[in-house]
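Have a look at the structure below before the remarks.
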Amino acid sequence: MFDFLGNLERTHMCGDVRAADAGKPVVVMGWVNRRRDHGNLIFLDLRDRSGICQAVLDKELTPEGHAKGEAVRPEYVVAAIGKVRLRAKNAINPKMLTGEIEIEATELRVLNDSRLAPFSPAEDAIQNEELRLMYRYVDLRRPEMQRNFWLRDEITRAIRESLSEQRFLEVETPILCKSTPEGARDFLVPSRVHPGEFYALPQSPQIFKQILMISGFDRYFQVARCFRDEDQRADRQIEFTQVDLEMSFPRQEHVFAVVEKFLVAAFVAAGITLPTPFPKITYDESMRRFGSDKPDKRLPELADVRGAFTDDNLATLQIDPALPVVAFRIPAVGELSRKEHEDNWPMFDKNKGAKLIDDFKRLAKGFPEGAAKVRELAGASNEDLVILVAGDPTHHIRASDAKCEGRLSEREINVYAAAGNFRTELAKKYATRHRAFEITESVVREADPKSDKLVDGSRAFHPMWIVDFPMFEYDVATGRWVPAHHPFTAPHEHDMANLESDPASVRANYYDLTMNGLELGSGSIRIHRKDMQQVIFKALGISDEDARRRFGFFLDALEYGTPPHGGIALGLDRIVMLLAGAVNLREVIIFPKTAKAIDLMADAPATVTDVQLKELHIRVVAKG
Ligand code: ASP
């Protein structure tokens with residue numbers, strides 16, 4: 001029943017045949033996207049990665065081909081041999097790039113059949129994501145998915161080329177290695193040859209890339225696979241790809257310039273411009289203005305509305321006068337019912353020592369002047385939803401009140417964060433009303449990576465550097481200051497003296513790149529001297545013994561002429577997700593895991609045989 005390919009050669013990709021080819025002989029190969037049987041004429045839409053074109057099987061012209069055309073079904077693999085001809089005027093399909101032509105087939109070869117797939121790649125939206133992941137090979141045939149991975153390829157290549165032009169050397173570091181302290185749980189791989197010992201999969205190439213600077217490579221990069229055993233989210237997978245880089249003798253600005261250059265190149269590859277230099281704000285300012293260290297500039301900022309109330313007002317409202325009083329608006333949401341307000345309450349994090357005042361009518365009754373002033377300060381119109389967030393004196397969370405000159409205390413940060421998180425959640429929920437995200441969607445839709453014409457991305461994408469993060473976070477459970485970043489992050493030189501006496505005041509030489517509410521990457525200037533590294537370990541409560549056990553090799557390396565160095569890593573999947581206009585990383589990761597960390601297609605993780613376990617010196621203890 002099947003035909004052989006023989007020495008048949010393809011002349012065109014399906015999506016590439018054009019009116020200018022009319023009259024030419026043609027051979028295309030691909031999958032049957034749709035089939036329409038009009039009796040003596042059978043139309044086959046043939047699909048390959050370039051697109052779709054229509055082949056016609058005319059019973060008179062090719063009785064044999066027509067008979068095969070009757071037998072083929074969607075997703076059969078065929079070759080159509082024939083001649084390009086212009087379609088009749090009334091049959092032109094302006095929506096298809098190949099809509100002006102069709103292939104008048106003289107022969108059809110059926111190269112393979114296909115079982116009936118659980119969904120058709122010809123469908124636009126497939127609701128059942130589990131099915132898509134289980135039959136990922138069918139899902140990936142969909143034009144949208146083909147486009148995502150084609151885009152990913154373009155973006156990755158542009159980044160590689162930019163870094164190579166900037167004299168970065170691409171180096172592959174090991175996958176089977178030792179634990180890297182990025183703050184997540186490790187994936188461990190048992191050693192067969194060394195019973196009871198384990199490799200760890202890299203959470204990042206952090207230590208290796210620093211050693212490469214010690215080795216004199218000066219500028220390193222890698223499109224690096226990283227593994228972190230943590231809960232999955234829309235923007236987080238246990239296995240992901242970073243554009244990882246490190247450079248010797250840099251200041252922060254040098255790292256920023258390198259990243260801006262390759263990110264601009266990535267955007268250009270997607271058909272979009274991105275103005276440089278990217279704005280830079282401190283962590284404190286970001287918390288104050290956005291209640292988040294991943295600001296989304298498409299939404300209105302938080303407004304400081306402390307001045308709208310007298311001290312008596314605050315007392316009556318049971319608001320902590322020593323903490324921030326902020327308001328924000330979500331545009332065009334309109335009036336919410338009591339029930340709608342209540343439905344939103346679970347999105348407000350009550351564990352941050354902040355309270356929510358969302359019943360504006362009631363506020364206006366009790367405090368007409370204050371309420372009017374809040375609206376004014378927040379720049380709110382009548383259609384906007386206005387929310388007030390302030391410190392709750394009855395719920396004084398355990399946090400540090402340590403406050404350094406001009407900086408925010410932890411308790412203040414928490415109030416801002418409560419407001420910021422709620423703002424983000426509400427903005428997601430009411431996206432169709434405020435429509436602030438649509439500009440990004442429309443730019444992505446309009447952009448054509450294949451054309452030289454670039455779409456202006458300045459209003460749709462808002463990159464921002466966040467700098468001057470605190471070096472430590474206060475851990476309420478233990479009452480200790482714990483590292484906010486990996487332990488190789490250098491503190492600001494002028495804060496070094498306070499490491500032990502006043503940890504809250506120490507700023508890290510650490511930076512994040514954020515865009516549209518997403519953290520795209522983070523990095524830092526590193527500690528390059530052993531004496532300093534030991535002080536930091538001590539400040540972080542890592543004992544000499546523990547440090548030796550965990551990164552002894554690295555401490556040794558630090559003693560052999562380590563240059564000042566620093567770097568950054570950006571999430572490649574996230575960059576592609578933004579530029580593909582996708583809402584979940586699964587749309588741009590080729591074989592992703594589900595929220596429960598399962599690969600539904602390969603059915604992993606899975607049990608292994610007793611023999612394998614024995615070889616690895618492992619005994620599995622059943623749960624419970
Ligand atoms: N290794 C860090 C990370 O994965 C990035 C860096 O500091 O360069 O977040």
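Atoms within a ligand are numbered from 1 in the order they appear, just like the ligands themselves. Because the structure is a prediction, the values reported are computed rather than measured.
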### Message
Under the criterion salt bridge (charged side-chain N to carboxylate O under 4.0 Å, His left out), I'd like the reasoning laid out for R548 against D544: C-alpha separation, chi angles, the key distance, then a yes or no.
### Response
CA-CA 6 Å; R548 274 237 70 81; D544 286 351; over 6 Å; no

### Task
Determine, considering heavy atoms only, which of K209, R228, E519 sits nearest to atom 4 (O) of ligand 1.
R228

### Task
Return a yes/no value for Q206: is any of its N or O atoms, backbone included, closer than 3.5 angstrom to an N or O of ligand 1?
yes

### Message
In the structure I gave you, are the side-chain heavy atoms of F348 and I387 within less than 4.5 Å of one another anywhere?
### Response
no

### Query
Do the side chains of E441 and V444 get nearer than 4.5 Å, heavy atoms only?
no

### Query
Which of the atoms of ligand 1 are close to A569, meaning less than 4.0 Å from one of its heavy atoms?
5 (C), 8 (O)

### Task
Verify, without hydrogens or angle tests, whether R407 (side chain) and D284 (backbone) share a donor-acceptor contact under 3.5 angstrom.
no

### Task
Provide, to 0.1 Å, the distance between atom 7 (O) of ligand 1 and the closest protein heavy atom, together with that atom's residue and name.
R526 NH1, 2.8 Å

### Query
With a cut-off of 4.0 Å, which atoms of ligand 1 are near a heavy atom of I568?
8 (O)

### Message
Tell me the protein heavy atom at minimum distance from atom 5 (C) of ligand 1, and give that distance in Å.
### Response
S522 O, 3.2 Å

### Distance-only side-chain donor-acceptor flag, S204 / Q242, under 3.5 Å
no

### Query
Are there more than 12 heavy atoms of other residues, nucleotides or ligands under 6.0 Å from atom CG of D531?
yes

### Message
Looking only at distances, can you tell me whether any N or O atom of H486, backbone or side chain, sits closer than 3.5 Å to an N or O atom of ligand 1?
### Response
yes

### Summary
Filtering E246, Q242, E182 for the heavy atom nearest atom 2 (C) of ligand 1 leaves E182

### Query
Hey, would you say the H434 and F437 ring centroids sit under 6.0 Å apart?
yes

### Contact atoms of ligand 1, heavy-atom distance to G523 under 4.0 Å
6 (C), 7 (O)

